[in-house]
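Quick note: numbers below take in every heavy atom, side chains included, and nothing from hydrogens, waters or symmetry partners. A note on names: the letters A, B, ... follow the listed sequences, proteins ahead of strands, and every chain is numbered from 1.
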Amino acid sequence: MLCGLLPMCAPNPHLLQLLQSLNLSITTKSLLLTQQSHAQTYRLGLAHHSILATKLISAYSLCKLPSHSLLIFHSANPKNAFLCNALINAYVDNRRYPDALTLFSQMGTQYHVSPDHYTMSALLKLAGELRDLVMGKYVHSWIAKTGFGSDSILMNSLMSMYCKCGSGRGFGDVRKVFDEMPQRTLSSWNVLISAYVVYGGSGFSGDVREIVERMRIEGVGLDGYTVSILLPLCPAPSDGRRWDFGREIHCYVLRRNVGLGTTDVHVCCCLIDMYSRAKNAVAAMNVFDGMSSRNVVAWTCLIAGCVRNGLSEKALMLFQRMQVVDGIESNAVSLISVLPACSSLCSLMDGKQIHAFAIRKEFSDEVSLKNALIDMYAKCGSLDCAWKVFDEDQHVRDSITWSSMIAAYGLHGDGDEAIYLFDKMLKLGIEPDNITIVGVLSACCRSGFLIEGINIYNSLAMDFGISPTPEICSCVVDLLGRSGQLDKALEFIDAMPFDPGANVWGALLDASIIHGNSEMQDLAHKFLTHLEPENPSNYISLSNVLASSGKWDAVIDIRSTMKDRGMNKLPGCSWISINSEMHSFYVADKNHPFSPQIYEVLDNLFLIIKESFPCFDNFDEGSLLGSCG
DNA sequence: CGGGTCTGAC
């Protein structure tokens with residue numbers, strides 16, 4: 001008997017080795033390692049081993065293969081709570097919620113296993129995902145009955161559930177659990193702060209600051225999670241230039257080696273993103289350069305940051321380096337992030353290359369990527385390609401896809417197609433949002449469709465339940481203004497439910513310039529320079545108008561005001577790439593070798609425009625050139 | 001030497 005017992009008690013070297021290899025599979029989420037370990041269990045005759053099976057269920061779940069987890073579950077007998085809980089979690093993590101529920105209900109009846117507090121933790125996660133407050137409260141009462149209220153992790157799960165299921169009064173429940181917990185961990189504080197972020201509106205508000213201050217008083221330090229929750233709140237809009245919480249948190253990270261300083265990819269990504277939003281591209285770059293290892297998210301953070309700050313060439317260069325230097329493949333999100341760089345450089349070739357990569361990687365079912373491609377093609381001048389992307393797979397479309405294509409037609413001056421598509425979208429029962437409306441209204445503006453535009457605007461509340469946004473209102477002002485109804489545009493501005501922003505006055509200024517209304521010009525200019533005293537474009541546009549009508553005294557006034565305030569307007573520039581050669585043009589530029597021929601075509605185009613659009617009658621060539629500045 | 005909470009790019 002002794003001989004038979006000994007091998008059971010002594011640690012089995014094969015078992016230990018397999019456990020280590022499985023732990024590695026789990027930390028690296030490697031399918032290959034998981035499969036190798038799985039094969040080993042058969043070779044060593046350990047396929048029924050409960051501990052190995054539990055680990056394998058988790059490992060396959062992390063590789064997004066919950067069906068494989070189920071096979072493992074079936075191969076292990078008898079069932080116990082470890083196996084059941086691991087499989088329920090595998091289902092929840094892979095969004096197979098009905099399967100998770102079924103297994104829970106079968107635990108007692110079919111497998112004769114009693115649910116324990118780990119099961120309840122899994123159920124809380126499930127309730128949170130399903131926003132099922134009834135299920136969540138069921139677990140809460142189970143905890144109260146069984147006396148597991150001192151299990152901090154379970155209580156953290158409970159808070160997290162209330163946060164997700166809350167709908168309005170959720171925060172009160174989160175707070176109550178937190179206040180009544182006998183023992184808190186740092187994670188408890190982290191859940192509390194994320195709940196404040198969910199319910200407390202935007203920014204580094206007073207409530208959040210209060211919690212962080214309380215953590216300081218109670219001697220609870222921040223960890224990588226805390227920092228990742230707080231950084232997206234910085235810089236808060238209310239911070240202004242008074243205080244820089246983002247930088248303060250960065251200093252804390254460096255001082256206290258949070259997440260081991262610059263090795264925590266999560267923390268670094270949040271820092272890069274924070275600095276990018278604070279318009280500090282240099283600081284973002286420094287964080288990136290200091291990272292010991294980078295993944296696709298880190299690269300994408302930096303690329304998106306460059307795009308956000310107008311560094312499009314840099315964004316494209318980084319995109320290339322990510323793949324060539326670090327050997328990291330881009331995913332759908334990184335492609336979506338880099339596409340606007342192609343748009344702002346009008347680089348159709350770069351955009352097409354990214355599109356080709358997406359096709360090779362079979363990302364074609366990612367609707368957000370499709371939307372980004374439509375937008376890119378439209379902005380790079382290829383309406384045809386935009387349409388092809390829109391048209392190809394009719395199942396992969398959401399309301400943004402429609403909005404993007406409508407905006408694309410608007411951008412290219414085809415108001416008819418834009419309105420046709422808008423109607424088609426409505427007929428298919430797809431709900432427009434305020435972005436869709438801006439797209440279709442600006443299409444109306446560009447094509448001079450006053451009646452159609454106003455009709456859409458008037459039907460917003462009734463037909464779509466959309467209330468006007470500042471952007472929508474500025475479209476209406478543009479619409480009325482361009483068609484010469486300047487007084488109505490002004491009336492509309494007075495009746496708007498919020499203070500008109502710079503884009504509203506800008507639209508009115510453009511319209512009054514087109515229609516030669518100097519009174520309205522002055523009014524719009526006055527408000528515009530009041531709202532944006534530092535924007536040189538606002539002065540230039542008026543100065544150009546005054547110059548074209550020979551009012552040189554007024555021009556000198558404006559120019560000297562600009563000089564006093566140290567304003568410099570970079571001259572506007574257009575460019576086009578023909579046979580890989582870049583041709584660029586400034587206003588009234590005559591430096592191009594083919595300048596005479598180019599102006600001849602321009603003159604002819606101008607005549608055609610004048611004949612086709614009578615509203616351009618008040619427009620002479622001088623003011624056309626002038627307003628291009 | 002098994003299963004559970006909180007974090008990132010569009």
Side-chain angles (χ1 to χ4, degrees), chain A residues 11-12 15-20 22-23 26 49-59 61 76 80-90 92-93 113 115-126 128 139 148 151-161 163 177 184-195 197 222-232 258-259 264-274 276-277 284 294-305 307-308 322 330-340 366-369 371-372 375 400:
Chain A
N12 181 338
L15 179 62
L16 281 180
Q17 193 196 332
L18 255 180
L19 275 171
Q20 274 174 10
L22 268 170
N23 285 335
I26 287 170
H49 194 283
S50 164
I51 297 181
L52 290 176
T54 308
K55 286 266 182 203
L56 274 171
I57 290 173
S58 305
S61 168
N80 60 28
F82 291 102
L83 293 162
C84 293
N85 294 336
L87 188 57
I88 294 177
N89 276 311
V92 176
D93 289 342
V113 175
D116 60 10
H117 56 297
Y118 280 85
T119 318
M120 293 305 145
S121 179
L123 282 190
L124 284 172
K125 193 169 190 178
L126 177 60
V139 178
F148 272 103
D151 182 330
S152 319
I153 296 184
L154 193 54
M155 297 313 268
N156 295 344
S157 306
L158 188 65
M159 285 166 68
S160 180
M161 181 280 297
C163 179
V177 175
R184 296 186 193 110
T185 62
L186 177 49
S187 300
S188 317
W189 290 91
N190 289 339
V191 180
L192 183 72
I193 299 175
S194 3
V197 174
L222 318 184
D223 68 355
Y225 285 94
T226 329
V227 164
S228 304
I229 300 164
L230 292 178
L231 279 173
V258 170
D264 189 320
V265 186
H266 266 278
V267 169
C268 288
C269 289
C270 293
L271 282 168
I272 292 170
D273 203 48
M274 180 275 292
S276 300
R277 279 181 288 102
R294 308 171 181 102
N295 61 11
V296 66
V297 181
W299 280 95
T300 308
C301 275
L302 189 65
I303 290 169
V307 169
R308 195 195 293 271
M322 167 175 85
S330 37
N331 58 23
V333 179
S334 47
L335 298 186
I336 292 167
S337 307
V338 78
L339 279 171
E366 294 269 352
V367 68
S368 47
L369 178 58
N371 301 342
D375 186 67
I400 299 172

Side chain of [X] only, heavy atoms from C-beta on: which candidate in [options] is closest?
X: A:C269; options: B:dG3, B:dT5, B:dG8; value: B:dG8
X: A:V191; options: B:dG3, B:dA9, B:dC6; value: B:dC6
X: A:V265; options: B:dG3, B:dG8, B:dC10; value: B:dG8
X: A:K125; options: B:dA9, B:dT5, B:dC6; value: B:dT5
X: A:Y225; options: B:dG3, B:dC6, B:dC10; value: B:dC6
X: A:C270; options: B:dG3, B:dG8, B:dG4; value: B:dG8
X: A:L19; options: B:dC6, B:dG4, B:dC1; value: B:dC1
X: A:A304; options: B:dC10, B:dT7, B:dG8; value: B:dC10
X: A:V333; options: B:dA9, B:dG8, B:dT5; value: B:dA9
X: A:I229; options: B:dC1, B:dT7, B:dT5; value: B:dT7

Would you mind reading off the distance between [X] atom [atom1] and [N] atom [atom2], rounded to a whole angstrom?
X: A:L230; N: B:dC6; atom1: CG; atom2: P; result: 17 Å
X: A:I400; N: B:dC10; atom1: CD1; atom2: P; result: 14 Å
X: A:D264; N: B:dC6; atom1: CG; atom2: C1'; result: 13 Å
X: A:K55; N: B:dG3; atom1: NZ; atom2: C1'; result: 9 Å
X: A:L87; N: B:dG4; atom1: CG; atom2: P; result: 12 Å
X: A:F148; N: B:dG4; atom1: CZ; atom2: P; result: 16 Å
X: A:L56; N: B:dC1; atom1: CG; atom2: C1'; result: 15 Å
X: A:N89; N: B:dT5; atom1: CG; atom2: C1'; result: 11 Å

Check every strand shown and say whether [X] touches a base, only sugar-phosphate, or nothing at a heavy-atom separation below 4.0 Å.
X: A:C301; value: sugar-phosphate
X: A:S187; value: base
X: A:N295; value: base
X: A:A81; value: base
X: A:N23; value: nothing
X: A:L154; value: base
X: A:D223; value: nothing

Open item on the list: Between B:dG3 and A:Y118, is there a base-stacking contact, meaning the centre of the base's six-membered ring lies under 5.5 Å from the residue's ring centre while the planes stay under 30° apart?
Closed with: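 Here A:Y118 meets both the 5.5 Å and the 30° conditions.
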Can a side-chain donor-acceptor contact be found between [Y] and [X] if the only test is distance below 3.5 angstrom?
X: A:T185; Y: A:S188; answer: yes
X: A:N331; Y: A:S334; answer: yes
X: A:D116; Y: A:T119; answer: yes

Open item on the list: Has A:N89 got a side-chain atom pairing as donor or acceptor with A:N85's backbone, closer than 3.5 angstrom?
Closed with: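 Pair found, side chain donor or acceptor close to backbone of A:N85.
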Task: Side-chain (A:S160) to main-chain (A:N156) donor-acceptor, under 3.5 angstrom - done: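 Such a contact is absent between A:S160 side chain and A:N156 backbone.
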- [ ] Ignoring hydrogens and angles, answer whether the base of B:dG4 and the side-chain atoms of A:N156 contain a donor-acceptor pair closer than 3.5 Å.
- [x]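 Flag unset: no donor-acceptor pair detected.
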- [ ] Could I get the full list of salt bridge (charged side-chain N to carboxylate O under 4.0 Å, His left out) partners for A:R308, not counting sequence neighbours?
- [x]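 Once residues adjacent in sequence are excluded, the partners of A:R308 under the salt bridge (charged side-chain N to carboxylate O under 4.0 Å, His left out) criterion are A:D273.
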- [ ] Give, for atom OG1 of A:T54 and atom NE2 of A:H49, the distance between the pair rounded to the nearest 0.5 Å.
- [x]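 Rounded to the nearest 0.5 Å, the OG1-NE2 separation comes out at 9.5 Å.
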TODO: Look at the side-chain N and O atoms of A:R308 and state whether any lies under 4.0 Å from the OP1 or OP2 oxygen of B:dA9.
DONE: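 Answer no for this pair, as no side-chain N or O of A:R308 is under 4.0 Å from OP1 or OP2.
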